[in-house]
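Just so you know, these numbers come straight off a predicted model, no measurement behind them.
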Amino acid sequence: MKKRIAFVFLLAVIGMLAFANGSAEKTEKNYTLKIGTVLTENDPLFKGLEGFKAKVEERTSGKVKVELYSGSQLGADEDILEQAKVGAGVGVITDPGRMSNYIKDFGILGGPYIATDYQDALRLMDTSVYKELVGEFENYGFKILSFNFFQGSRNLYTKNPVTTPEDLKGQRIRSSGSAIVTKSLEAMGANTTVMPWSEAYQALQQKVIEGVEVHNSAAYGASIYEVTKYVAETGHFQLLTGLVISNEWFKKLPEDYQKILVEESYNAGKAASAVVVANDAEYLKKSVAAGGLTVTTVDKPAFIAAAEKAYDEVGYRALKDKIDMELGR
């Protein structure tokens, strides 16, 4: 009897040691998330990512390390997304247009004049269209931590003056390549040339293109004022972007770490967006001062009317009508 009790006690001790060892291994495990972006280190959104990095590392006691890569150092957005899709510990700040390569309908959130400003763009997150689509990305290998990183209102920086859609005819304008961006620019009158943002400055310098559509902070950060002469404040896109990472990598994290990443991504997006909104006019003013740019007066109703047909050409009309109905437009 004593031998049996001793044997049972020994098994219990071994079990406790194994459990303790497993818990220790879980606690001691470290994770690394590499985040890439086309933006420069001076961009407000990159500053927001720096805040995300600091808070995540602080709240996980350094168990989750975040590495940031500006200026496409980690690769093009498409390359990073493909790595994330197969489980790599990488992420990227990207837009609805690029994510529409995986789920086409998500591109509607980056449609022309679908929102008038940042607050109006945030309302899109409350629609059933967004809520239904965002969860589907997990089936494609992605986890959207948050989609509230506002990069700003997109304007046209060009070599030739633009005031109406007619002025864009014959002008080659850089497109990111997504269907909604390309079709919107073409509906507004432009010819489009698809290329990475990192090549836009040189393309303008070498006169491969006549202009870019971009938000003011990125235009200033990339010194676009050095290779253009005019700014048309068309405000055709309200660019909300999201922090997208690998769902497979995300699911390997302890639940409390998962919660931290989601919370701090939202907080970082909110903080960065506030800076963008507060300083948007100042970034434009800096570009004008640095490059001697001329800000043209645009016929915005004409651009709105022209861009509307892009929804039909891309196949988003039913989605657009559903969003308008839900938002009471």
Side-chain angles (χ1 to χ4, degrees), residues 95-97 107 110-117 120-121 151-197 199-239 280-314 316-317 320:
D95 59 273
Y113 300 106
I114 198 165
T116 57
D117 55 23
D120 198 31
Q151 295 195 25
S153 180
R154 304 283 278 197
N155 298 316
L156 295 170
Y157 282 70
T158 59
K159 292 182 177 295
N160 304 305
V162 174
T163 60
T164 68
E166 287 72 25
D167 294 330
L168 274 177
K169 290 181 179 178
Q171 293 204 47
R172 293 165 296 180
I173 305 298
R174 179 259 176 187
S175 168
S176 63
S178 75
I180 191 62
V181 171
T182 298
K183 290 300 183 182
S184 296
L185 290 172
E186 291 175 352
M188 289 162 60
N191 292 335
T192 54
T193 299
V194 175
M195 66 176 63
W197 174 247
E199 297 176 11
Y201 182 96
Q202 186 176 27
L204 285 164
Q205 191 175 46
Q206 297 177 350
K207 299 181 180 179
V208 174
I209 56 177
E210 281 81 45
V212 294
E213 61 88 27
V214 64
H215 47 286
N216 294 329
S217 60
Y220 180 72
S223 302
I224 296 300
Y225 54 80
E226 295 178 348
V227 286
T228 54
K229 296 180 179 179
Y230 299 91
V231 182
E233 293 187 276
T234 49
H236 48 279
F237 300 134
Q238 300 299 321
L239 187 57
D280 184 64
E282 186 62 27
Y283 280 114
L284 176 58
K285 190 179 296 184
K286 287 181 178 180
S287 286
V288 170
L293 302 180
T294 298
V295 179
T296 62
T297 300
V298 301
D299 184 352
K300 186 170 283 191
F303 279 104
I304 294 173
E308 186 67 18
K309 68 179 180 181
Y311 290 106
D312 297 306
E313 294 183 0
V314 181
Y316 285 164
R317 175 53 58 193
K320 174 67 160 47

Is there a donor-acceptor pair under 3.5 Å between the side chain of [X] and the backbone N or O of [Y]?
| X | Y | result |
| --- | --- | --- |
| Thr228 | Tyr230 | no |
| Lys229 | Pro161 | no |
| Tyr311 | Pro112 | yes |
| Asp167 | Thr164 | yes |
| Lys183 | Lys309 | no |

Does atom CD (Gln202) have a neighbourhood of more than 12 heavy atoms from anything else shown, all under 6.0 Å?
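It does not: Gln202 CD has 12 such atoms or fewer within range.
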Output the distance between atom [atom1] ([X]) and atom [atom2] ([Y]), rounded to the nearest 0.5 Å.
| X | Y | atom1 | atom2 | result |
| --- | --- | --- | --- | --- |
| Ile224 | Thr158 | CD1 | OG1 | 12.0 Å |
| Lys320 | Ile114 | NZ | CD1 | 6.0 Å |
| Glu313 | Thr182 | CD | OG1 | 11.0 Å |
| Glu233 | Thr297 | CD | OG1 | 9.0 Å |
| Thr234 | Leu185 | OG1 | CG | 9.0 Å |

Nearest heavy-atom pair of [X] and [Y]: which atoms, and what distance?
| X | Y | value |
| --- | --- | --- |
| Ser175 | Thr192 | CB-CB, 4.1 Å |
| Ser184 | Phe237 | CB-CZ, 3.6 Å |
| Ile180 | Gly97 | CG2-CA, 4.5 Å |
| Ala179 | Val314 | O-CG2, 4.0 Å |
| Ile173 | Ala190 | CG1-CB, 3.6 Å |

If you apply the rule side chain to side chain contact (heavy atoms under 4.5 Å, CB included), what do you find for Asn160 with Gln171, and how did you get there?
CA-CA 8 Å; Asn160 304 305; Gln171 293 204 47; 3.6 Å; yes
For a 4.5 angstrom cut-off between non-hydrogen side-chain atoms, does Leu168 reach Phe303?
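They are in contact (side-chain heavy atoms under 4.5 Å apart), so the answer is yes.
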Flag the pair Glu199 and Arg174 as a salt bridge only when some basic side-chain nitrogen lies within less than 4.0 angstrom of an acidic carboxylate oxygen.
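No, no charged N to carboxylate O under 4.0 Å.
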Would you be so kind as to tabulate the donor-acceptor pairs closer than 3.5 Å made by side chains of residues 281-296, with sequence neighbours excluded?
{"residue": "Ser287", "atom": "OG", "partner": "Tyr283", "partner atom": "O", "Å": "3.4"}
{"residue": "Thr296", "atom": "OG1", "partner": "Val162", "partner atom": "O", "Å": "2.7"}
{"residue": "Thr296", "atom": "OG1", "partner": "Val231", "partner atom": "O", "Å": "3.4"}

Extract all donor-acceptor atom pairs below 3.5 Å that involve side chains of residues 209-222 and protein atoms in other chains or at least two apart in sequence.
{"residue": "Glu210", "atom": "OE1", "partner": "Arg172", "partner atom": "N", "Å": "2.7"}
{"residue": "Glu210", "atom": "OE1", "partner": "Arg172", "partner atom": "NE", "Å": "3.0"}
{"residue": "Glu210", "atom": "OE2", "partner": "Arg172", "partner atom": "NE", "Å": "3.1"}
{"residue": "Glu210", "atom": "OE2", "partner": "Arg172", "partner atom": "NH2", "Å": "2.3"}
{"residue": "Glu213", "atom": "OE1", "partner": "Arg154", "partner atom": "NE", "Å": "3.0"}
{"residue": "Glu213", "atom": "OE1", "partner": "His236", "partner atom": "NE2", "Å": "3.0"}
{"residue": "Glu213", "atom": "OE2", "partner": "Arg154", "partner atom": "NH2", "Å": "3.0"}
{"residue": "His215", "atom": "ND1", "partner": "Arg154", "partner atom": "NH1", "Å": "2.8"}
{"residue": "His215", "atom": "NE2", "partner": "Gln151", "partner atom": "OE1", "Å": "3.1"}
{"residue": "Asn216", "atom": "OD1", "partner": "Asn155", "partner atom": "ND2", "Å": "3.3"}
{"residue": "Asn216", "atom": "OD1", "partner": "Tyr157", "partner atom": "OH", "Å": "2.7"}
{"residue": "Asn216", "atom": "ND2", "partner": "Asp280", "partner atom": "OD1", "Å": "3.2"}
{"residue": "Asn216", "atom": "ND2", "partner": "Asp280", "partner atom": "OD2", "Å": "3.3"}

